[in-house]
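From a predicted model like this one, the values you see are computed outputs, not experimental measurements.
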Amino acid sequence: MNANATPALASTGRAALYLRVSTGRQAENDLSIPDQRRQLQSYCQAKGLAVAAEFVEPGASATDDRRPEFQKMMDAATQKPALFDTIIVHSFSRFFRDQFQLEFYFRRLAKNGVRLVSITQDLGDDPMSVMMRQIMALFDEYQSKENAKHTLRAMRENARQGFWNGSRPPFGYRIVSAEQRGIRVKKRIEPDPMQLETVRLMFRLARLGGEDGPMGSRQIADYLNIRGIRTQTGGRWGVGAVHQILTRETYIGRHRFNVSGKRRGERKSEDEIVDVEVDPIIDADEFAEVQAIMRSRSPQLKAPRFVAAGTLLGGVCYCADCGGAMTLRTSGKGNQYRYYTCCTTARQGKTGCKGRTIPMDVLDDKVVGCLEELLLEKGHLEELLAGVLERREAHADNLKDRIVALRKQAADAEAKLTRLYEAIENGLAELDDSNLKGRIAELKRMRDSARADADRAEDRGEGKTNQITPELLEAFASEARRQIRTKDGSFRRHHVQTLVQRVEVGADEIRIKGSKPTLLQTLVASGGNRRVETAGIGFRSFNPKWLREQDSNLRPSD
């Protein structure tokens, strides 16, 4: 049978009605669905067709077939025997706005003896009618793409002005009315008091964590789930949801709109992306530190087997002769004896490398002892803390400037509120004016938010001194030693590897390499009776092994 040929429309038969609107807003407020139903039922009555089924698609685009009611209808139409012999739509654009897909499903229906009829584009089955249907489908597809282009352009401009385009806001934010333009209310997002502390907790856990150092996404998800902290929809946290929050720039005041294509997932070019300023929840420095921690654990920078290694120096200990990793080897009953062994020697024997084997406890003690004796020595600590305090002083100056700007913003909003109140008292404005109410609410929100941010900034800057005292040095050294060792006297892998980047084991010496800027760089120095808090930035990332000679795999320049 010809794929385009369909059975003639009988005087009596069973019909299915398919009704669709493009958006949920149309489904709620528009009269399109009732009007489509009335016209389709009138058509069936005039043609002597019995309505066997009705499929209503509220708020679904016809550019693809990802429509529940559409799929349900196709299942009923393609089963044998079909539940109906005709599908009736208001126009072919209600069925599909894609010429190829329309023809595909038209032929699929025809193979099962089901006809697709448009009451406003009633065509026959001759070649001319087929061509007209295809031409109309092409115009529908073109119109759909043009509408999408103009809609996106309007949404991008709306985003440039700082307004929210819809959809669920990121966790930690809520949608609020910003201003009214005619009959339309423009929306923005602002930090949600009910959720913002959870966001800050997640970043704090990722940056500082617990006794064993910063937490990963899975650990943070477990932490939240155990304590009954739920997502926006009331669900449990997963690794993906936590990772998305920890990497989202919205939380530092930079929300990006139109980053990727909704249907294909492709990333848009930078000139198509719009940056929307929002109130930040997380400090930019804290966000950057969390990103550094997460990058340091990336499989592209450090082999996964070393990130979760069960040894203290796993991933940072190397043979000085061949540069191969020193890995765990065991012997004795129940593997009671543990050693670091050159992996090249272990695989190839002494012909591969004359590397050595050293008891794990011996090497661990020597490395940690060196850290405690040299890095935590008074003169060295004073040098390190001087740099930390210098950076903190620069941060304090920036914080003072921010406090001044926030106080000015609060004062400006208060002055505008005062002028509005005076206008109401003088009879120049009506209090029941919806636009005026919205403006007053917005100004109050701006004033209160600026004041609260300024108060928090002042609290962060109080009681801190930039003087290096003997008490500060002793407190810092004591805290660092405590962080290195666990309660049972063993060593904490995370904190040791915060200080050590590479350990090279040679025949006559053990060379320890580290970087001063990464030495317990997150330091909150105490003043008076305030305690000292320390935390590292996470596991060291390994350096790529570049070829000795220059070739197509270019080496980094010195």
Side-chain angles (χ1 to χ4, degrees), residues 168-174 189-232 235-256 275-298 301 307 388 391-392 395-396 398-399 402 406 449 452-461 464 483 494-495 498 518 520-524 531-539 541:
R168 182 183 296 129
F171 181 84
Y173 286 89
R174 63 182 180 182
I189 60 171
E190 67 175 14
D192 187 344
M194 302 295 292
Q195 298 176 350
L196 64 88
E197 288 303 327
T198 300
V199 175
R200 290 171 178 162
L201 170 64
M202 295 168 73
F203 275 87
R204 190 161 58 247
L205 293 175
R207 184 171 61 92
L208 302 176
E211 287 293 322
D212 294 325
M215 294 184 181
S217 296
R218 188 179 301 279
Q219 292 173 301
I220 294 175
D222 290 341
Y223 183 95
L224 298 175
N225 291 330
I226 290 173
R227 288 158 179 78
I229 301 174
R230 295 294 181 248
T231 63
Q232 278 175 312
R236 292 173 60 83
W237 289 97
V239 175
V242 173
H243 183 272
Q244 185 179 44
I245 287 178
L246 295 178
T247 56
R248 191 163 195 164
E249 293 183 338
T250 304
Y251 298 107
I252 57 174
R254 184 193 180 202
H255 179 77
R256 312 203 81 193
D275 289 336
V276 185
E277 288 190 8
V278 298
D279 294 334
I281 294 178
I282 301 298
D283 183 80
D285 292 338
E286 181 178 2
F287 183 85
E289 186 175 343
V290 170
Q291 305 317 298
I293 294 173
M294 297 178 72
R295 282 195 302 270
S296 71
R297 295 170 174 170
S298 171
L301 297 178
V307 173
V388 172
R391 290 192 295 273
R392 198 188 69 184
H395 177 71
N398 294 333
L399 192 62
R402 174 167 169 74
L406 289 170
S449 177
D453 289 345
D455 291 340
R456 284 192 293 268
E458 287 181 343
D459 290 341
R460 289 199 300 269
K464 294 182 179 179
Q483 293 280 15
H494 165 75
H495 293 293
T498 296
T518 61
L520 298 180
Q521 66 171 5
T522 307
L523 173 68
V524 180
R531 69 185 181 89
V532 175
E533 298 178 1
T534 61
I537 65 167
F539 298 106
S541 60

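- Across all their heavy atoms, Ile220 and Met202 have their closest contact at CD1-O, 3.7 Å.
- No side-chain donor-acceptor contact under 3.5 Å links Tyr173 to the backbone of Val278.
- Across every non-hydrogen atom of Leu196 and Pro191, the tightest pair is CD2-CB, 3.8 Å.
- With contacts defined as side-chain heavy-atom distances shorter than 4.5 Å, the pair Val276/Ile189 does not qualify.
- Across Pro169 and Gln232, no two heavy atoms sit closer than the pair O-NE2, 3.0 Å.
- Atom CD of Glu190 and atom CD1 of Ile281 lie 10.0 Å apart (nearest 0.5 Å).
- Smallest separation of non-hydrogen atoms from Ile252 and Ile282: CG2-O, 3.5 Å.
- With Phe171 as reference, Gln195 is the one residue of Gln244, Gln195, Arg248 to meet the side-chain contact (heavy atoms from CB on, under 4.5 Å) rule.
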For this session: Please lay out, stage by stage, how Tyr251 and Leu246 fare under the test side-chain contact (heavy atoms from CB on, under 4.5 Å).
Result: CA-CA 9 Å; Tyr251 298 107; Leu246 295 178; over 6 Å; no
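- Pairing each heavy atom of Met215 with each of Gln219, the nearest pair is CA-OE1, 3.3 Å.
- A 4.5 Å side-chain heavy-atom check between Phe287 and Glu249 finds at least one atom pair inside the cut-off.
- Between Val242 and Tyr223 the shortest side-chain heavy-atom distance does not fall below 4.5 Å.
- Legend: residues meeting salt bridge (charged side-chain N to carboxylate O under 4.0 Å, His left out) with Arg218, ordered by chain and number and at least two apart, are absent.
- Remark: His243 engages no residue in a ring-ring contact (aromatic ring centres under 6.0 Å, His included) (not counting sequence neighbours).
- For the residue pair Arg230 and Asn225, the shortest heavy atom distance occurs at NH1-O, 3.6 Å.
- Distance check, rounded to the nearest 0.5 Å: CG of Asp283 to CZ of Phe203 gives 11.0 Å.
- The closest side-chain heavy-atom distance from Val290 to Met294 is below 4.5 Å.
- For the atom pair OG1 of Thr250 and CG of Asp279, the computed distance is 12.0 Å after rounding to the nearest 0.5 Å.
- The salt bridge (charged side-chain N to carboxylate O under 4.0 Å, His left out) check on Asp222 picks up nothing, with sequence neighbours excluded.
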